[in-house]
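Any value given below was found using the heavy atoms of this structure, including those in side chains, with hydrogens, waters and symmetry copies removed. By convention in this document, chain letters (A, B, ...) are assigned in the order of the sequence lines, proteins followed by strands, and residues within each chain are numbered from 1. Model, not experiment: these values are computed from the prediction.
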Amino acid sequence: MEGIHLNDVHVQFDHPSGITIAVDGVTQRVPPRSFVSIVGPSGCGKSTLLAVIAGLQPATSGSVDINGRRVTGPDRDIGVVFQEDSTLPWRNVSENVEFAMQMAGVSKGERAAKAAAAIELVGLKGFESSYPATLSGGMRQRVALARTLALQPGVVLMDEPFAALDQQTRIFLGAEVRRIWEQTHQTVLFVTHDISEAILLSQQIWVMSYRPGHVIDVIDIDLPDERDASIVSSTRFNELHNRVWTSLQKESMRGFQDVETA
Amino acid sequence: MEGIHLNDVHVQFDHPSGITIAVDGVTQRVPPRSFVSIVGPSGCGKSTLLAVIAGLQPATSGSVDINGRRVTGPDRDIGVVFQEDSTLPWRNVSENVEFAMQMAGVSKGERAAKAAAAIELVGLKGFESSYPATLSGGMRQRVALARTLALQPGVVLMDEPFAALDQQTRIFLGAEVRRIWEQTHQTVLFVTHDISEAILLSQQIWVMSYRPGHVIDVIDIDLPDERDASIVSSTRFNELHNRVWTSLQKESMRGFQDVETA
Amino acid sequence: MTTLTKLRQSQFVGAVVLALLASVIWQISSGLSFVIPSPAATAEAFVQNFADPRYLSDMGETAQAVAQAFVIGTLLGGAIGVLLGLSAAARTWLEPLLIAFNGVPKIVLYPVLLPIFSLSGSKIVMGVLFALFPVLINVAVGVRSIPPVYWKLGRTVQAGKWQLFVHILLPAIRLPLLTGVRLAISLAVVGVVLAEFFATRFGLGRVVLQAYSHGEYAQMVSTILLLLLVAFTVSVLLWRLERRVR
Amino acid sequence: MAVGVEPSQQAPPKRLPPPWGARWRAFQRVPQGVRSAAASAVLLALLFVAVQIGVASGALRQTGLPLPTEVVDGTLGLLGTGGFWSDFGRTCLEIGASIVAGCALGLGAGIVFWKLPLLGRVFEPYLVSFYAVPLVLFYPMMIVLVGINAGSIIILSSIMAAIPLALNTRTGLQGIRPVHLKLARTLQCNARQTLFSIAIPAAAPMIVAGLRLAVVYALIGSIAMEFTTAQSGLGYRIRYLYETFDNTTMFANIFVVLILSVLLTVLMTLAERVLLRGRR
Amino acid sequence: GTSGTTTKLSISATGTDSLPFMAILQVGIDKGWFKEAGLDVDLYNGGGGGNTLRVVTTGDADMAIAGNTSVLLAARQAGSNLKIVAPWFQVNDFYWIAPSGRSVTGAKLGFSSAGSSTELLVKGLEKKLGTTSQAVGTMGDNWTAAKAGEVTAGWAMHPFVTDKQAKEGAQVLVAARDQLGDTPADLVAVNTDYAADNPGNIKAFFTVAERLNKWVVDNTDEAAKTLAPLMKVSPEVMAQSLKDTPELAKAYSLKVDAQALDNLSKLMVAAGQLTEPVDWAKTMDQQYLPENVRATL
Ligand SMILES: Nc1ncnc2c1ncn2[C@@H]1O[C@H](COP(=O)(O)OP(=O)(O)OP(=O)(O)O)[C@@H](O)[C@H]1O
Ligand SMILES: Nc1ncnc2c1ncn2[C@@H]1O[C@H](COP(=O)(O)OP(=O)(O)OP(=O)(O)O)[C@@H](O)[C@H]1O
Ligand SMILES: [Mg+2]
Ligand SMILES: [Mg+2]
């Protein structure tokens, strides 16, 4: 029972004007130490699914097991990197990275050592005492990443961590995430809008449908483990890109009308 | 002398810590009624160049001529669509679309007729009395587009109009822009980060270098005029994508270090 | 930038110039109307006050009441503000009444306060009523506009309630809180002094009123000036801090 | 390696029973404003009953509070007296005039401070600490400059109202999104168009918040000034009744002031709805 | 507030910092005369009758010395726990002062506020002199308004009158005493509970008060020097103003003047503050006064 197991997960929201079914019966497995990406149109329930796995949102029915343990609430062994900038502006880089450990009651000395290592890992050495306001968006997401990694969680959930950044920065940070994962081999579930990004990073991609959201396609990425930027010009990359694009295209067109008129 | 002529345009900014050369000698031509895109790394001077053409920013040296007239300041015949959401939250959709005409002193009746046509053109019929707060980001950019088009400018400048939107919406809106351009055949200069978007929309792509910014590559897009989503799986598309990517790649890596440590 | 342009753009220099300008206008207008004491006479009264031990004890009395009113008002306003910011139910029940109460001229409540809080208590309560609302409103708005992602972060790292309060809520509202505190100090002074106008045994309000009812305008203005100066200094210091805080 | 599931696009949406009863959901659907108003009414009624019982039983004897029912009676009684209406009219006149004058002054000053940032920066420290001045004390000067009439009160409360509005207007104008000003430039808007069609509407949320403060300050200023110095008006009447120990009538007048301020608050909330139409 | 038997006596008085006949209480404290009589006196300065008296009704203070009309109206309230026990300062020392050159005919006289002693007098003057009136506020405001021409003359008492005469050439336009006769400026009221528990304290208070009165009358120069700093005026002005006070020996005496009380009642009825004359025998309880100063009412 290693890895993340989703067993017929359903989530619905009640609100004054009715009920929204956000996730509608997802049964999937993320193998341990693997890197899986989710792509899908806006509003299809990706964030909701991640929130359920993180224990932030109870499933209406169905269940999630991580490494054999049923998820009932947040757990420090599950790290989350959010889409929004989640750095705390009143703390400098190392204080931000230490935040999670501080809440967990890690001793001061250990915190400092682990934070230094994590900061080094995400390439922020030299910026320890800078405040987020003086950093670029990309650097802030690295801080958030370092904060999550410093606790050395077994599972890392990332909800469009680079959505707010420009494409150049995304390419660069994506490569960093892949590099870090190659070092740590944590179990990673990664949500993105960007097909190229998903292909470049992952071992498997789940394509989600528009509401009610479920997984309509699972694509194994059989590219070599060593991936540099040149891989995007390979034929296999283009084939995979087309495969994902086509799956998504149908959904996009269907979902789009709905989103735009929502 | 039809179209947009850039004659050795230089722009530099003086600030306390020195001088930034944002645009460094651009000499190019946008043929009349054509669709040209600019791609380039962040901070390479794309927005600055567009601002010079729009008459918002004086060139340090060099000049811009549009349809034979020297640009000395803003002109209502040059429409601009901004990257940021520029809808006015206190006006509903038709009031927003009428805004430019109202400032230009167009009579009430004419305004209403032209606004209705522009709203129809961008596919917002039925939303005339909605306020921006109730619209999605994509719909708001359509409002901005309609506002610009309603004045029927000869030249339309777009500065990453879809940068803030998710990929699904971008694909959809890109197709709309192309469709509208096919109807109106205005001269369009379009700035984007997204290579696929640039290829799908344009007849020509300028690749800009990192600072000091100038055009390092001009690529004619020899795809058929009728472009639908399926074209992205064509070999020619992939060749063009690789060509642009390679040009850009070198620049990206060079510029990135600089941006991140800025 | 040259020193000269720096000097010209400095807010401090501008404020001093404005103060000098105001003094000149004051000097001129004091010659025009007898109700306006001359700056010199006021300054003289100002200095003499500090040689008078009774004046100093009045000052101490007022300062003490202001300090108490400020502390109580800030704590109370902060507590209610946090409650309103966090709880939708509290908003439903209390918000309209608090907004309405904020609009009430507190001074008319003095007749109600005096019998309940007695002489020395009611001036503190008056100060509290004045100081309460800016803190309350700023904190409530501040808490409500904390980005939800901070709370999500707190939950994923399993921070306890107290940890959330100390490490997320307090620092996140530091700016609006400071603004509220700054206004609270000024308003606590106004509240206490106004209350002292009505009934008191000691305090600067009494001194001002005595000067006022005797038509001793130089004496009156010198005390107002003192109140102003103190409030101004505290306020500007806090305001600078406010703009410096990240 | 993956446990794939069949994409079942036609699966009928599952509808689980709502977690609570239908009645709760019905309550949730009542607009927030109505719920708030109902809750406030309940709280006020409870307070009324509590004070009524407290006074009647003698538990609140030393507070000198009259029976709430007597206050209501007294208030109704007031409505029939000419003296009340002349006080009421004078106070309303003062408040109305200070709101109008204060808003014009505050808005104008805010715009000037925005246009001339240096001036704004220089005035700012003075304005931010202005709250600490008991303006009442400038009354003697007003007697000389304006005379013994509503004018002196209107001037002082207009100044009180203008300050928060000026500060808010300036902050609001400074916070206009640059893209809106860029838009104005590309459309070749003239100064008037830029100000009235872009700048002021864009800063409206801050300006309206300032307006709220201005109204509160105009009310507080007028009543407080009457209370301490004037010769007629509701504030004065309360002071007079206080001095002459007519508790019930005094409370009736205080009650009227409370109602007046609630009325103004409600009015401002409605005005805010209209002025900020379409915004979240 | 105090309850039960005690040596404490808290007095709440209006104008301890502007009226010499109130400030003598402070002198009594400073000189230790109350202590000698076994009284631990505590002095509040209430601003205006409303506050001065409310402090007593709430039990914060035990005794109030405040403006005649306020005390009378407060004591007549249903359920009031105030009892009037003495008049205080029984000469009419109110003046209307103006810059020089003003005339009484057609004058507009300033008073403090409706319901006050000054309103009472101004109403009386209206009948006698055909003047009009305008509520203005404190003595300072009145003098300011008079100088600004908003009113012809404003009300004032000693030493304010003397001070303005000396410094700004003020002139007395109307002396209320000449027109309307005497009334007590203030009345003394006590908390009924306190009085029941501590009748001896009140008696002791009046003994000391008489001693202070006598001190002013017999040692006017010393009194002027002692009172001047409390009034924030110069000793010369204070001395002059005591000299100008009409019938100093009557003013600074507790000897009850029945006629002045009657006069007060009449003025209040005429001003519409009361509907029927006051029955002083019922209203004022003289039992705490030394026997030699009591009067038959
Ligand atoms: N707390 C909530 N209450 C009600 N509806 C919600 C809530 N959270 C999400 N939803 C709805 O559930 C659906 C799925 O939302 P979710 O945020 O999971 O989508 P997403 O795939 O992450 O979209 P995006 O790509 O835009 O982030 C949406 O229709 C959304 O409106
Ligand atoms: N007003 C200004 N003053 C000083 N420097 C400026 C100014 N505007 C732009 N710059 C600098 O000029 C350079 C080019 O900026 P510009 O905004 O044109 O880049 P860009 O290509 O549009 O970037 P992006 O893709 O991030 O929008 C940048 O280094 C920027 O910092
Ligand atoms: Mg999401
Ligand atoms: Mg740009």
For [X], is it the side chain, the backbone, both, or neither that has a heavy atom closer than 4.5 Å to a heavy atom of chain C?
| X | result |
| --- | --- |
| D:Met250 | side chain |
| D:Leu219 | both |
| D:Val42 | side chain |

Checklist outcome for this item: Honestly, the part of C:Arg240 sitting under 4.5 Å from a heavy atom of chain D is neither
Checklist outcome for this item: When every non-hydrogen atom of D:Ser40 is compared with those of C:Trp93, the smallest separation belongs to OG-O, 4.2 Å
Next on the checklist: To check you understand the geometry: which heavy-atom pair defines the closest contact between C:Ile99 and D:Thr265, and what is its length?
Outcome noted: CG2-CG2, 3.2 Å
Checklist entry - Could you walk me through whether C:Val108 and D:Arg239 pass the side-chain contact (heavy atoms from CB on, under 4.5 Å) check? => result CA-CA 8 Å; C:Val108 302; D:Arg239 182 71 188 270; over 6 Å; no
Next on the checklist: Looking only at heavy atoms and a cut-off of under 4.5 Å, which of C:Ala188, C:Ala100, C:Pro105, C:Gly191 has the most pairs with chain D?
Outcome noted: C:Pro105
Next on the checklist: Are D:Phe227 and C:Tyr110 an aromatic pair, judged by ring center distance below 6.0 Å?
Outcome noted: no
Checklist outcome for this item: Between the CG atom in D:Leu47 and the CG atom in C:Leu97, the distance rounded to the nearest 0.5 Å is 9.0 Å
Checklist entry - Out of curiosity, D:Leu213 CG to C:Phe133 CZ, how far, rounded to the nearest 0.5 Å? => result 12.5 Å
Checklist entry - Where the side chain of D:Ser36 meets the backbone of C:Thr92, is there a donor-acceptor pair that is under 3.5 Å apart? => result yes
Next on the checklist: Which residue is it: C:Val16, C:Leu18, C:Leu21? I am looking for the one with a side chain to side chain contact (heavy atoms under 4.5 Å, CB included) to D:Val122.
Outcome noted: C:Leu18
Checklist entry - Run the side-chain contact (heavy atoms from CB on, under 4.5 Å) check on C:Leu114 and D:Tyr242 step by step: do they pass? => result CA-CA 11 Å; C:Leu114 183 66; D:Tyr242 177 66; 3.3 Å; yes
Item to check | Validation row: D:Leu43, C:Leu94 side chains within 4.5 angstrom (heavy atoms) | outcome: yes
